[in-house]
Amino acid sequence: MTMWATIAETFLLTARDVIPIAIILFGFQLGVLKRPIVNWRKVVLGFAYVIIGLSFFLVGLDMALFPIGESMAEQLTSTSFLQDGDSQLTQFAWQDYLWVYIFAAAIGFSTTIAEPSLIAVAIKANEVSGGTIGIQGLRISVAIGVAMGISLGCFRIVVGDPIHYYILAGYVVVVIQTFYAPKMIVPLAYDSGGVTTSTVTVPLVAALGLGLATNVEGRNPLIDGFGLIAFASLFPMITVMAYAQLVELVNKRKVAKEREHAL
């Protein structure tokens, strides 16, 4: 009964959040544009699916993704795991948390590859560019950026460095890359940072950061536990522009070789 009560409560809260969006859309369509809603039954059914789907998703987050993220962080930072047979070891250096960095990179890569918003952006970018921007190439470059960012963010939590130093350094790199990257990829790279902070990536990353900050000695979950999402948004911009620069360099060399053979 408790589970069904939770689902019902979540459904009502989700409906409360979604209904205002529907009112605005229908209001502009009927009141401002003065146009009838085409296939209004399908539209209403679609909104119902959205409310139901979001409700189950939010319940799933609370029951599965958040607990498993915190549980993984707790197990990877437990004293028994870090000692690795050395029962005398009580003080741990940042190198002892190697598996935390590997797990963070792996979870960042896999959740980003599965991110629905990134898939949608990659498909649209491929269509608009006439196939110049590859779907898989963009998805993989964004996923690598998220993996690097979350892994570095976990390192920051372990060592306890201020987050703004890392963010400032990262944006300096982004600004420099902006001047040298192909112009058509720059806006897409900037958007790629935003699409990673969506339904699949955020819950696990947030749970990982809070779990890690809770279990690493001397860390405050409120101060150190948050901030991984900023890394997940920053580094994809760097890797997408780097990917575009690499592709451009390879194409230039290919054209140069073709000209040499032609001569």
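A chain of hydrophobic side-chain contacts below 4.5 Å, direct or via other Ile, Leu, Val, Met, Phe, Trp or Tyr residues, connects Ile102 to Leu212. In this structure, Trp99 is a member of the same hydrophobic cluster as Tyr101, with clusters built from ILVMFWY side-chain heavy atoms closer than 4.5 Å. Cluster membership for Trp4 and Leu54, using ILVMFWY side-chain heavy atoms within less than 4.5 angstrom, is shared. Cluster membership for Ile19 and Ile21, using ILVMFWY side-chain heavy atoms within less than 4.5 angstrom, is not shared. No chain of hydrophobic side-chain contacts below 4.5 Å, direct or via other Ile, Leu, Val, Met, Phe, Trp or Tyr residues, connects Leu210 to Val205.
Not counting sequence neighbours, Glu9 has no partner by the side-chain hydrogen bond (donor to acceptor under 3.5 Å, both in side chains) test. Listed by chain and number, the residues in a salt bridge (charged side-chain N to carboxylate O under 4.0 Å, His left out) with Glu127 are Lys124 (sequence neighbours excluded). Applying the ring pair (Phe, Tyr, Trp, His ring centres under 6.0 Å) rule to Phe56 yields no partners; only residues at least two apart in sequence or on another chain are considered. Contacts of Phe47 classified as ring pair (Phe, Tyr, Trp, His ring centres under 6.0 Å), with partners at least two apart in sequence or in another chain: Phe26.
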Validation: residues 218-226 side-chain donor-acceptor distances under 3.5 Å, sequence neighbours left out:
unit_1 : atom_1 : unit_2 : atom_2 : d
Arg219 : NE     : Ile157 : O      : 2.6
Arg219 : NE     : Val158 : O      : 3.4
Arg219 : NH2    : Val158 : O      : 2.8
Arg219 : NH2    : Val159 : O      : 3.4
Asn220 : OD1    : Leu222 : N      : 2.9
Asp224 : OD2    : Asn220 : N      : 2.9

Could you pull out every donor-acceptor pair under 3.5 Å between side chains of residues 28-36 and any protein atom, sequence neighbours left out?
unit_1 : atom_1 : unit_2 : atom_2 : d
Gln29  : NE2    : Pro36  : O      : 3.3
Lys34  : NZ     : Gly31  : O      : 3.1

Return a table of donor-acceptor pairs under 3.5 angstrom between the side chains of residues 241-256 and protein atoms on other chains or two or more places apart.
unit_1 : atom_1 : unit_2 : atom_2 : d
Gln245 : OE1    : Gln177 : NE2    : 3.4
Asn251 : ND2    : Val247 : O      : 3.2

Check residues 160-175 and write down every donor-acceptor pair under 3.5 Å in which the side-chain atom is one partner and the other belongs to a residue at least two apart or another chain.
unit_1 : atom_1 : unit_2 : atom_2 : d
Asp161 : OD2    : Tyr166 : OH     : 2.7

Return all side-chain donor-acceptor pairs below 3.5 angstrom for residues 185-193, not counting sequence neighbours, or 'none' if the list is empty.
unit_1 : atom_1 : unit_2 : atom_2 : d
Tyr190 : OH     : Thr178 : OG1    : 2.8
Ser192 : OG     : Leu188 : O      : 2.7

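Considering all non-hydrogen atoms of both residues, Val146 and Pro236 come closest at CG2-CG, 3.6 Å. Residues Thr239 and Ser141 share a closest heavy-atom pair of OG1-O, 2.7 Å. Nearest heavy-atom pair, Thr112 versus Ala143, reported as atom, atom and distance to 0.1 Å: CG2-CA, 3.7 Å.
Rounded to the nearest 0.5 Å, atoms CD1 (Ile51) and CG (Asp17) are 9.5 Å apart. Distance check, rounded to the nearest 0.5 Å: CD1 of Ile238 to CD1 of Ile144 gives 13.0 Å. In this structure, CG in Leu228 is found 5.0 Å from SG in Cys154, a value given to the nearest 0.5 Å. The CG atom of Leu152 sits 9.0 Å away from the CG atom of Leu234 when rounded to the nearest 0.5 Å. For the atom pair CD1 (Ile150) and CZ (Phe103), the distance works out to 10.0 Å, reported to the nearest 0.5 Å. Atoms CG and CD1, from Leu118 and Ile123 in turn, are 9.5 Å apart once rounded to the nearest 0.5 Å.
Under the 4.5 angstrom side-chain criterion for Ile, Leu, Val, Met, Phe, Trp and Tyr, the cluster partners of Leu45 are Tyr49.
Counting non-hydrogen atoms of other residues, nucleotides and ligands closer than 6.0 Å to CE of Met184 gives a total above 12. More than 12 heavy atoms of other residues, nucleotides or ligands sit less than 6.0 Å from atom NZ of Lys183.
Looking at Tyr97 and Val216, their side chains come closer than 4.5 Å, going by heavy atoms from C-beta outward.
Listed by first and then second residue, the side chain to side chain donor-acceptor pair (under 3.5 Å) pairs involving residues 142-157 amount to none (not counting sequence neighbours). Listed by first and then second residue, the ring pair (Phe, Tyr, Trp, His ring centres under 6.0 Å) pairs that reach into residues 107-159 are Trp94-Phe155, sequence neighbours excluded.
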